[in-house]
A.B. asks: 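Before I ask anything, here is the structure I am working with.
Numbered from 1 within each chain, the chains take letters A, B, ... in sequence-line order.
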Amino acid sequence: MTGPAPTVLALAADQPTRPLLVVGEQVVTWGSAWEAAQAVSKALSATGHALGVVGTPDVLLTGLLAGSASSARVLLLPDSPSDERIAELGLSALLTDTGLRQVGESPGHAPGVVVFTSGTTGVPKAAIHTWPSLMARVRVRDELAGIPWLVPYSLRAYAGLQVLLHALANGGSAVVSTGSPGEAASVAAEHGITYLTGTPTFFRFLLATAPREAMDALKPVQITLGGEAVDQPLLDRLTARFPGARVGHIYASTELGACFSVHDGRAGFPAAWLDDTTRAIGLTCRDGELYVRSERGMQGYLSNESAAAEDGWFATGDHLAITGDRAVFVGRASERINVGGAKVYPGEVEDVLRQVPGVVAVRVSGISSSLAGQLVQAELVAESGADTRALRRTVLGYAREHLQPHMVPRRLVWVDTLEQNASGKLNRRTS
Amino acid sequence: MADETSHRAAVLAALIQVREDKGLTEADLADTKHLGDDLGLDSLDMATVVADLEIELDLDPFVNDTGPIYTVGDLVRVYDAA
């Protein structure tokens, strides 16, 4: 046994009726979770299976625990695989909502978990993690003992997996919210959740759309943002709305795990952390891009493609601007829009447009233009009841005042909501 | 009288829309008006007009060589010829 299985075995024997996983009306207890995992583990019989798992949160939990108990490599699949995909991934067993299917001999893998990246701007990659590298990030503390955790992501995403492992290691429960951020606030209030994690997109929608009763009932002691660049106004609004909470943000990726967290209430991170050789996880900036060197990242990609440079530094794809003593994230190279040769990061435009009162959320993207290559388009979510004709004029006026001409959105589209992916990030994939 | 075979109305609407902050009206958009000097449109405004008209008319004359376009009349002609 490796990973969380020993802890779960002990608690399942001790307090079998305690809830472990809550999804709406469905409650999986520690006892029933262990029973389901044991059944799968026994059926696998051999160690080292390549166990693909896809399905509802309880299926993912069963797969993870079974893999942990039987020393399998668990692959948290983004969708149901075809026979071709099963062969391509080298799966020897597949666990879905309809049960376990063995599709081959155990390849004798080392135990671990394969987590697929969210593929926010491209094709998802599969990062191979060992249980020790995953568990090394999990804090076990007295004040966390037995508490419920809100999971506003898919459990198969790295962020969701991390929250679940916190719940497992601290004998708590994972409350999965599959609805909108506004509904998640109600779920969190109902379950008395005090540690809130989510993406900036999640918290923007939560602040704008959560029912008043839920907001009043919510008493977080800690709010942790991650997965996307955090802007200062959001940190300030969360601090003002939840004065009892510590508000911090974390930099993590599917490949590297959690790299650092920032608790000084400011966006970005201290520029002095770059090239500071005393830090456990090395950070440096090359050509404006953040590079990270970590002992505790993934083993590699499933596809064998190289991840790190020869010198051990990993290119994150996240670009930085250094302003005074601060390094702030400006966006990802893959998201850049090229307007007549001038590069625009969507985040730079989004940060400005979000300042306009009445605008809840923004997604900026490029649309193709025969004359300029690309033009900036903004999709906006307005506050309910807003006069979008008047708001359109305000947004454009504000954009012209605060942005260079090539960054001003040339097309504004009002939308009801903006799609988030399994990790709760704004979906930036263009079709 | 609207000319049903001309895209004039769509072109004028796109020009008014692109700089709605300037408060242009059709009266400002005589054929002889210079797009840059008279109306104050820059190259990105032009690119926007073309992108908007591509959606509106399903036409993009600028994928081919159009020759020089200086005035409102030039622009209307390019769309009518497409």
A.B. asks: Which distance, rounded to the nearest 0.5 Å, do you find between the CG of B:Asp52 and the CG of A:Leu375?
C.D. replies: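 CG of A:Leu375 is found 9.0 Å from CG of B:Asp52.
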A.B. asks: Does a side-chain heavy-atom distance below 4.5 Å link B:Ile55 with A:Arg411?
C.D. replies: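 Yes - at least one pair of side-chain heavy atoms lies under 4.5 Å apart.
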A.B. asks: Less than 4.5 Å to any heavy atom of chain B: does that hold for the side chain of A:Val408, its backbone, both, or neither?
C.D. replies: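 No part of A:Val408 comes within 4.5 Å of chain B.
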A.B. asks: What are the two closest non-hydrogen atoms of B:Asp45 and A:Arg410, and how far apart are they?
C.D. replies: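 Smallest interatomic distance, heavy atoms only, reads OD1-NH1, 2.5 Å.
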A.B. asks: Can you name the nearest heavy-atom pair linking A:Ala372 to B:Leu44, along with the distance?
C.D. replies: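 Of all heavy-atom pairs spanning A:Ala372 and B:Leu44, the closest is CB-CD2, 4.2 Å.
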A.B. asks: To the nearest 0.5 Å, tell me how far A:Leu371 CG sits from B:Thr66 OG1.
C.D. replies: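 The OG1 atom of B:Thr66 is 8.0 Å from CG of A:Leu371, to the nearest 0.5 Å.
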A.B. asks: Looking only at heavy atoms, what is the nearest atom pair of A:Arg400 and B:Val18, with distance?
C.D. replies: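 Heavy atoms of A:Arg400 and B:Val18 come nearest at NH2-O, 3.5 Å.
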A.B. asks: In terms of heavy-atom contacts, does CD of A:Gln355 have more than 12 from other residues, nucleotides or ligands at under 6.0 Å?
C.D. replies: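 For A:Gln355, atom CD is crowded (more than 12 foreign heavy atoms under 6.0 Å).
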A.B. asks: Compare all side-chain heavy atoms of B:Val50 with those of A:Ser370 and state whether any distance is below 4.5 angstrom.
C.D. replies: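 A side-chain contact under 4.5 Å exists here.
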A.B. asks: Nearest 0.5 Å please: distance from the OG atom of A:Ser368 over to the CD atom of B:Glu54.
C.D. replies: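 One gets 6.5 Å once the value is rounded to the nearest 0.5 Å.
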